[in-house]
Amino acid sequence: MGYKILQKRVLGPGSKMMVIEAPYVARAAKPGQFIILRVHEKGERIPLTIANADKKNGTVTIIFQEVGKTTIHLGLLEPGDELRDFVGPLGKPTEIKNFGTVAALGGGFGTAVLYPLIKGLKAKGNYVITIIGFRTKDLIFLTDELSAVSDEVHITTDDGSYGMKGFVTHALQKLLDEGRKIDHVFAVGPVPMMKATANLTLKYNIPTTVSLNPIMVDGTGMCGACRVEVGGETKFACVDGPEFDAHKVNFDLLSKRLRMYVKQEKVSLENFKAQLEKAKEAV
Amino acid sequence: MPRKIIYERTPMAKLDPKERVKTFDEVALGYTEEEALKEAERCLLCKRPPCVAGCPVHIDIPGFIALIQQRKFVEASEHIKKFNPLPAVCGRVCPQEDQCESKCILGKKGEPVAIGRLERFVADYERAQGEMRLPEIKPPSGFKVAVIGSGPAGLVAASELAKMGHKVTVFEALHEPGGVLMYGIPQFRLPKEIVLHEVEYIKRLGVELVTNFVVGKTMTIDELMQEEGFDAVFIGTGAGLPVWLGLPGENLLGVYSANEFLTRINLMRAYKFPEYDTPVFVGERVGVIGAGNVAMDAARSALRAGAKEVYILYRRTKEYSPARIEELENAIEEGVIFKELVSPVAFYGDENGWIKEVELVRNRLGEPDQSGRRRPVKIPGSEFRMPIDMIVNAIGQRPNPIIAQTTPGLEINPRHGTVKANMKTFATSKPGVFAGGDVVTGAATVILAAGAGTDAAKYIDYYLKNKDKPGIWDELYHME
Ligand SMILES: Cc1cc2nc3c(=O)[nH]c(=O)nc-3n(C[C@H](O)[C@H](O)[C@H](O)COP(=O)(O)OP(=O)(O)OC[C@H]3O[C@@H](n4cnc5c(N)ncnc54)[C@H](O)[C@@H]3O)c2cc1C
Ligand code: SF4
Ligand code: FES
C-alpha cells in the first residue's frame, strides 16, 4: 500500500514538483485530468492536476504551491516517503484538436499543468504560443520545459522583475494588438486571471477554455462540493469538467465558493505549525 | 403447556438524549444477555412463521430465536449468516417495522418480537468472542471475478464468491471500503468498527481489496475483462449521485448535499477537526430538506456537530416519512424540529454568498400517488421566508453515471440512470457483467443490497461453470 514519492524538486519558493509511483493512474492519464491525494491517515482529500504521466515507468508528476496545511505537509515529504492515497485519473480529458494557432496561458501554479496540454496541442499540429505569468522573478518555474515544447514563450511578472511587466492578459492583448490571429485560448491559473482572460477573449470572440479548481471531496460526482455554474446551469467540475467554456463560467461564484473554509483552513494551518514547532523543540 | 403470551417487548437501553447529542457515540446500546433471553422467550416459534415472509432474504427467524432460547448465541449468529452475511449491520439499520416485525403474529394484539434487536445481539455477541471463525472455502476454481464497489452489495457478493473458490478482487473508488455504511450512515447509528470487521472478514476469505480505484476512470470494465483477465464482473456501485431540486440559490455557501455533509463527517471524520484535516461548516439554524433516513442522519449529525436548531423540512406529514420509525423518534427526542407540509422554493444569501434565508411554500395533502402516500399540493400564495444559515439537501440519490458512460453494451434505464438487470440472476445486458444493489434498484436498503449480492454470487458461479454453454447469457438475462 501507499504511493511512493520517487523524486522531488523545488521549482521556486513555495512551489514543488513530485514524481509519484502510481502505475494505474499513469497508464490511463490524459492531458487535463487530475488526481486526488491524501497525505496521511487523518488527511483531507485534495485535487491536483496531472502535470505529466509516464506510462512506461508508471509514474505521475504533480506540481503544487504550498498554500495550506495539506500542501505544506506534502512539501515536507521526501523521496522514499509514501502518500496514503492517490486516485485518478479524474475528470474529463482536454478536447485537443487542430485549432490552428493556440495561446496557452498559465498563471502561477497553473503553469504546472500547461506542459501535457502543450505537448498534446503540438502533437495535433497546432502553433502554440505559451504565455506564463508570475508575481515576481523568483517564482518563475518550468520555462525550460515549456520552451522545449512551445513555438513561442512569453513571460510576464507582476512587478516587472522579469519579462514583460503586467499580467498574462497584457501579453495576450499585445499579441492581439499586433494583429496576431489566435484561434483558441487555454487559460489555467488563479480565478482572477482566468476571469480576466475570459473577458478579453470574449471581446475578440476567441473560443476559450479554462480549467477550474473548486473545492472537492470525492472527485467522482458523489458530493457536489465542486459545484460550478456554467451557462446558468450547475455542473460538477470533477466529472463534467474540470475544463469549461470560459465565456460561460460564473467566476464570481467560484471565487466565493473557494472561500468556504477560509477560517478552518487558518486553524488547521496554525495547528500544524504549532505541531511542527513542538516536534523541532523535541529534537 | 401453552406458553404465556407477553405482549410488551423488552426495552433496549439508549443513551440519554441530552447526553448523546454531545457525542457521536452509538445511541442504542443493545440487549444484555438477560434481556435477549427474555425477549427471545416471547417468540412463539411459529410453525409457519409470517415474519420470515416479511424478511427480504427470508432469514429463518424462529430458527435463530430458538437457538437464543437455548443460549446458543454464536450458533444463532452463524445460523443468520446462512441467509444474511451482515447481521450486526442489519440488526441496526434494517427497517424491521416494515419487514419481519410488521408480520409477527404477536403484533396483532401487542408488540411484535424485537427481531432486529435479537439479530444485533447475537452478531455482537459473536464478534465479542474475538476469534473470527472462517467458513469452509472451496478449492480454487481458477476463475477471477471483479467486484466493483464495496458497499453491502459488493462486500456480500465478494464473500460469497470467495467461499465458492473464485479469486475475487474488489475495486473501490474511495480510500476506505464499506460504501454508504462508511460514508453515509453515521457512527452513532452504525459504529465504523463493525463495518471494518466485515471488511476484515472478506479479506480473511482471501478477497483482494483495491481502494482508490475508480472503475471507468482508472480502468474500464472492458479493460478489466480483456486485459486483466477477469471472467466475470459484479457492479455494486450504489446510488451515490445527489439529486438537486434546481432551485435559485442552490449553490450558495452553506448549502450542502447530504452526501457531502455526511461524507465530510463520517468518512473524513470532520467532527474531529482539526485532529483530522477535513473541515465542515455547521450552521446555527440548519434546515434539512427531506425526511428519509438520509435526512435524519444529516439532521442528527448537524446537532452533534454543534448546530443550535435543526429543522426537518418535509413536503408531506410525519407519518409519510420513509425513515425508520426508531430513527425518526430518536431525532425528535434529540430536539430535531419537524416542519411538515413545506417545500423549498428558493434560497437567499448575503453579499459574500452565504445562505441566510430559505423561502418555503406550504402544502396540503392531496390524492394518493403510486406509492399510496398522499401527494403534497402547493397552496398558492402561502410562501414565507425562514432565516437559516445552512441547508442540507436530502431529497434523493441516483446511480453515478461513470460506469454507464464508459461501458459499451451495458443498458441503462434512461429515467433513473439505473443499470438494467434480471431481478433473479442479476445478469445485465452485457455478457459476463452482473449488477445488484442500489445501482439496479435506485436508493433502497442495506438488506436488499446484501440480498442482491448473495443471489448474484450464485448466478455468477453458475455462469462461470457454464461459460461455454451456447446461449448461457440469454438464459441468465431472460430467466423468469
Ligand atoms: C445516509 C444514509 C442512511 C441510510 N440509512 C439506511 C438505513 O437505516 N437502513 C437501510 O436499510 N438502508 C439505509 N440506507 C440505504 C443503504 O445504505 C443503501 O441502500 C445500501 O448501502 C446500498 O448498497 P450498495 O452496495 O448497493 O451501494 P453503496 O453502499 O452505495 O456502495 C457503493 C460503493 O461503490 C463505490 N463506487 C461507486 N462507483 C464506483 C466506481 N466507478 N468504481 C469503484 N467503486 C465505485 C462507492 O464509492 C461505494 O463505496 C441509507 C443510505 C444513506 C445514504
Ligand atoms: S412471527 Fe413473531 S412469534 Fe412467530 S416466529 Fe416470527 S418472530 Fe416469532
Ligand atoms: S468533488 Fe464531490 S462531486 Fe465533485
Side-chain angles (χ1 to χ4, degrees), chain A residues 1 3 22 24-25 27-29 33 35-46 68-70 73 84-91 215 217-229 233-234 236 239 250 252-257 259-261 263-265 267-272, chain B residues 171-176 183-184 209-214 216-220 223 227 237-244 246 250-264 267-270 272-281 349 351-354 393 397 400-402 405:
Chain A
M1 288 267 298
Y3 302 81
Y24 287 143
V25 185
R27 207 172 88 161
Q33 291 188 296
I35 55 92
I36 283 190
L37 64 77
R38 269 197 335 149
V39 173
H40 63 116
E41 201 190 335
K42 296 180 178 179
E44 62 182 334
R45 296 170 64 98
I46 61 155
K69 196 233 138 167
T70 300
H73 192 166
R84 176 77 190 201
D85 298 292
F86 195 86
V87 58
L90 302 170
I215 293 172
V217 183
D218 59 297
T220 64
M222 162 194 134
C223 74
C226 62
R227 283 173 355 257
V228 291
E229 218 176 88
E233 273 180 55
T234 296
F236 285 13
V239 282
N250 181 342
D252 295 338
L253 179 72
L254 177 63
S255 312
K256 283 177 183 164
R257 288 188 61 88
R259 295 182 52 78
M260 176 127 182
Y261 299 103
K263 274 189 217 145
Q264 287 95 327
E265 280 159 11
V267 171
S268 188
L269 186 57
E270 276 162 13
N271 197 52
F272 183 59
Chain B
F171 295 98
E172 168 56 50
L174 293 171
H175 57 266
E176 274 184 32
Y183 77 72
L209 191 71
V210 182
T211 49
N212 295 323
F213 194 106
V214 186
K217 291 284 178 190
T218 312
M219 229 182 256
T220 62
E223 285 168 334
E227 292 170 26
T237 47
L241 190 79
V243 173
W244 296 88
E250 216 158 50
N251 295 331
L252 288 166
L253 283 76
V255 180
Y256 277 114
S257 73
N259 265 2
E260 182 182 354
F261 183 63
L262 290 171
T263 298
R264 283 180 181 273
L267 182 71
M268 305 311 297
R269 322 286 199 275
K272 294 187 188 164
F273 177 88
E275 182 199 339
Y276 282 73
D277 290 344
T278 305
V280 66
F281 167 79
E351 65 285 0
N352 295 320
W354 283 91
N393 167 15
Q397 267 126 250
N400 189 312
I402 290 181
Q405 289 161 355

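In what follows, every chain begins at residue 1, and chains take the letters A, B, ... in the order their sequences are listed.
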With side chain to side chain contact (heavy atoms under 4.5 Å, CB included) as the test, pick out the partner of V217(A) among T278(B), T263(B), L267(B). T263(B)

[X] versus chain B, heavy atoms under 4.5 Å apart: side chain, backbone, both or neither?
X       : result
F272(A) : neither
Y24(A)  : both
R257(A) : both
I215(A) : side chain

Is a side-chain donor-acceptor pair under 3.5 Å present for T234(A) with N251(B)? yes

Side chains of Y3(A) and N212(B): is there a donor and an acceptor less than 3.5 Å apart? yes

Looking at every non-hydrogen atom in both residues, tell me the closest pair between [X] and [Y] and how far apart they are.
X       : Y       : result
G221(A) : P242(B) : O-CD, 3.8 Å
D277(B) : T70(A)  : OD2-OG1, 4.2 Å
A28(A)  : K217(B) : CB-O, 3.6 Å
W244(B) : C223(A) : CZ2-O, 4.5 Å
M260(A) : Y256(B) : CE-OH, 3.6 Å
M268(B) : E44(A)  : CE-CA, 4.1 Å

Can you measure from CD1 (I35(A)) to OG1 (T218(B)) and round to the nearest 0.5 angstrom? 11.5 Å

Please round to the nearest 0.5 Å and tell me the distance separating atom CZ of R38(A) and atom NE2 of H175(B). 3.5 Å

Report which part of [X] has an atom under 4.5 Å of a heavy atom belonging to chain A: side chain, backbone, both, or neither.
X       : answer
E351(B) : backbone
F213(B) : both
V255(B) : both
L253(B) : both

Winner by heavy-atom pair count (cut-off under 4.5 Å) against chain A, out of P274(B), G240(B), G238(B), P279(B): P279(B)

Note: vs chain B, highest number of non-hydrogen pairs under 4.5 angstrom among M222(A), Q264(A), E229(A) is M222(A)

Ranking G224(A), G219(A), G43(A) by heavy-atom pairs under 4.5 Å to chain B gives rank one to G43(A)

Hey, is the main chain of N352(B) close enough, under 3.5 Å, to the side chain of R259(A) for a donor-acceptor pair? no

Give a yes or no on whether K272(B) atom NZ has more than 12 heavy-atom contacts from other residues, nucleotides or ligands under 6.0 Å away. yes

Between E227(B) and R27(A), is a salt bridge (Lys or Arg N to Asp or Glu O under 4.0 Å) present by the stated rule, with each step listed? CA-CA 13 Å; E227(B) 292 170 26; R27(A) 207 172 88 161; 3.4 Å; yes

Quick one: side-chain contact (heavy atoms from CB on, under 4.5 Å) partners of K42(A), sequence neighbours excluded? H40(A), E275(B), Y276(B)

